Asker: 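Okay, handing you the structure first.
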2 protein chains.
Amino acid sequence: MTDVNFSRGAANPDSQGAEGVPAPRSGELRWDIIELLFFAYRDFVGDADHELEAFGFGRAHHRVMHFVYRYPGLKVADLLDVLRITKQSLGRVLKQLLDEGYIVQKTGNNDRRQRLLYATPKGEALVAKLAGLQTDRITRALRDINPEGVAAISQFLRAMIDRDDPDKVLEAIFGTGSKKPRE
Amino acid sequence: MTDVNFSRGAANPDSQGAEGVPAPRSGELRWDIIELLFFAYRDFVGDADHELEAFGFGRAHHRVMHFVYRYPGLKVADLLDVLRITKQSLGRVLKQLLDEGYIVQKTGNNDRRQRLLYATPKGEALVAKLAGLQTDRITRALRDINPEGVAAISQFLRAMIDRDDPDKVLEAIFGTGSKKPRE
DNA sequence: AAGATATGTCAACATGACTGACGTAAATTT
DNA sequence: AAATTTACGTCAGTCATGTTGACATATCTT
């Protein structure tokens, strides 16, 4: 049906690049790292995804739980910065987590408009379980790598992150802010 | 309104873990790598996301284009394995890319039921542009890392990937298959 | 000829994003 | 004190991308 009427080669139509197209810079492109990142991240989040199904939650719930647990007293606005989603989108997920008792809100002391977020023990248990699964994978992957190698991995991942306009969590990770994560 | 009636502490309610909950294994959890992966991947795909908007495409289109370009002659079934989505979901995206001339199909030589997928020059240009953006970020991140460090990063990412039931693309990446990527 | 396989498609639905508009309480500015 | 801004919540509608289930068609295998 929709058979090819494009092929310039025979069995294996090889394209030779169109005019006006920017040079592919073939030799320089890091296809290797690009694809490794895709597959590594896919399987990394897959660990948690599978477990979350049992709770009727999705990735969105995990992300919220994770950062609320790690940075207790996070404001709603901070969370929006970190997750880079709209408040309407966060609202739905957050409401479920509040209703089901995974997170609690506490009115801010200085500014009573703020709703500071904290994980309940129930929430902590879930986050720890998911982090455990992901840690298992990471530990396995780091097993045969020496300390210099681990340092290089950490440095690489940090350097992959945008440093302009960092949110509170990133400030904590890069040690430029006042907020400190748990543990 | 929904003020806290849970807090056991004062200003900063610190939870001490519920009974019956598995031990948090706090000291061992790799919160650092977990969060670095989250932010690194977020910004990594963000590069492409931004550019894709100008084409009216999303991440799904990028993933399809990428693997079709890199592994020319990929079958539809292979693509489903790699992306781990259903054929209905792939169908919508693939149809758009075919209609708009980013990809072409060619009937298989041995098996005429198969539709082998190839990127057109238009498709190649898009993939190269996106890979260029991501390569820029990777190159920047690798700049101050020595060859041993780069090897450790590559080893780490490979070890993060599930090796049971590898698809054709993973076989190529791990050098256990016959198919070879471009470039 | 019968059955299995590769692909495509229709229909319905879920999740998690989005925009835009509006409301309320509390803080800040004038 | 009044006006404005801020932090948050919510209603309503839309879009992108995933899902399941059913079914059709062409082609290969037995």
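Naming convention: chains lettered A, B, ... in sequence-line order (proteins, then strands); numbering from 1 in each chain. Quick caveat, the model's predicted, so the values are computed rather than measured.
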Asker: Polar atom pairs between nucleotides 5-8 of chain D and protein, under 3.5 Å, N or O only, would you list them?
Answerer:
unit_1 : atom_1 : unit_2 : atom_2 : d
D/dT6  : O2     : A/R113 : NH1    : 2.6
D/dC8  : OP1    : A/R115 : N      : 3.4
D/dC8  : OP2    : A/A77  : N      : 3.0
D/dC8  : N4     : A/K87  : NZ     : 3.0

Asker: Quickly work out the B/R59 CZ to C/dC18 P distance and round it to whole Å.
Answerer: 11 Å
Asker: Take atom CG of B/L97 and atom P of C/dG8, then tell me their distance rounded to the nearest Å.
Answerer: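 After rounding, the gap between these two atoms is 13 Å.
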Asker: Using atom CD of A/Q96 as one end and atom C1' of C/dA14 as the other, report the distance to the nearest whole Å.
Answerer: 12 Å
Asker: Output yes when at least one side-chain N/O atom of B/S89 is less than 4.0 Å from OP1 or OP2 of D/dT17, else no.
Answerer: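 No, no such contact exists.
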Asker: Of the nucleotides C/dA17, D/dT27, D/dT17, which one has an atom closest to the side chain of A/R92?
Answerer: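 Of all the options, the side chain of A/R92 is nearest to C/dA17.
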Asker: Tell me the interatomic distance from B/R84, atom CZ, to D/dT17, atom C1', rounded to whole angstroms.
Answerer: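 So the CZ-C1' distance, B/R84 to D/dT17, works out to 18 Å.
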Asker: Nearest of C/dA27, C/dA17, D/dT19 to any side-chain atom of A/I85?
Answerer: C/dA17
Asker: Nearest-Å distance, NE2 (B/H62) to C1' (D/dT17)?
Answerer: 16 Å
Asker: Do B/H62 and B/L130 have side-chain heavy atoms sitting under 4.5 Å apart?
Answerer: yes
Asker: Quick check: A/Y41 with B/F39 (ring centres under 6.0 Å apart)?
Answerer: no
Asker: Just to be sure I understand the rule, does B/D49 reach a base, reach only the sugar-phosphate, or reach nothing, if contact means heavy atoms closer than 4.0 Å?
Answerer: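 The answer is nothing, as B/D49 stays clear of every strand by at least 4.0 Å.
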Asker: Can you see whether A/R143 engages A/T139 through a side-chain donor-acceptor pair at a distance of less than 3.5 angstrom?
Answerer: no
Asker: Nearest whole Å is fine: how far is C/dT15 P from A/E53 CD?
Answerer: 11 Å
Asker: Please determine, for the side chain of B/Q88, which listed nucleotide (C/dT19, D/dT19, D/dC28) has the closest atom?
Answerer: D/dT19
Asker: Answer yes or no: is there an ion pair linking B/D47 with B/R137, defined by an N-O contact shorter than 4.0 Å?
Answerer: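 A salt bridge is present here (some side-chain N lies under 4.0 Å from a carboxylate O).
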Asker: Would you confirm whether B/T120, through its side chain, and B/G101, through its main-chain N or O, come within 3.5 Å as a donor-acceptor pair?
Answerer: yes
Asker: State whether the number of non-hydrogen atoms from other residues, nucleotides or ligands found under 6.0 Å of B/N110 atom CG is greater than 12.
Answerer: no
Asker: Parallel, tilted or perpendicular: which describes the rings of B/W31 and A/Y69, with under 30° parallel and over 60° perpendicular?
Answerer: tilted
Asker: From CG of A/L90 over to P of C/dG16, roughly how many Å is that when rounded to an integer?
Answerer: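 To the nearest whole Å, that distance equals 12 Å.
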Asker: Whole angstrom is fine here: how far is it from CG in A/L80 over to P in D/dT10?
Answerer: 14 Å
Asker: Report which part of the nucleic acid B/G91 touches: base, sugar-phosphate, or nothing (heavy-atom distance under 4.0 Å, all strands).
Answerer: nothing
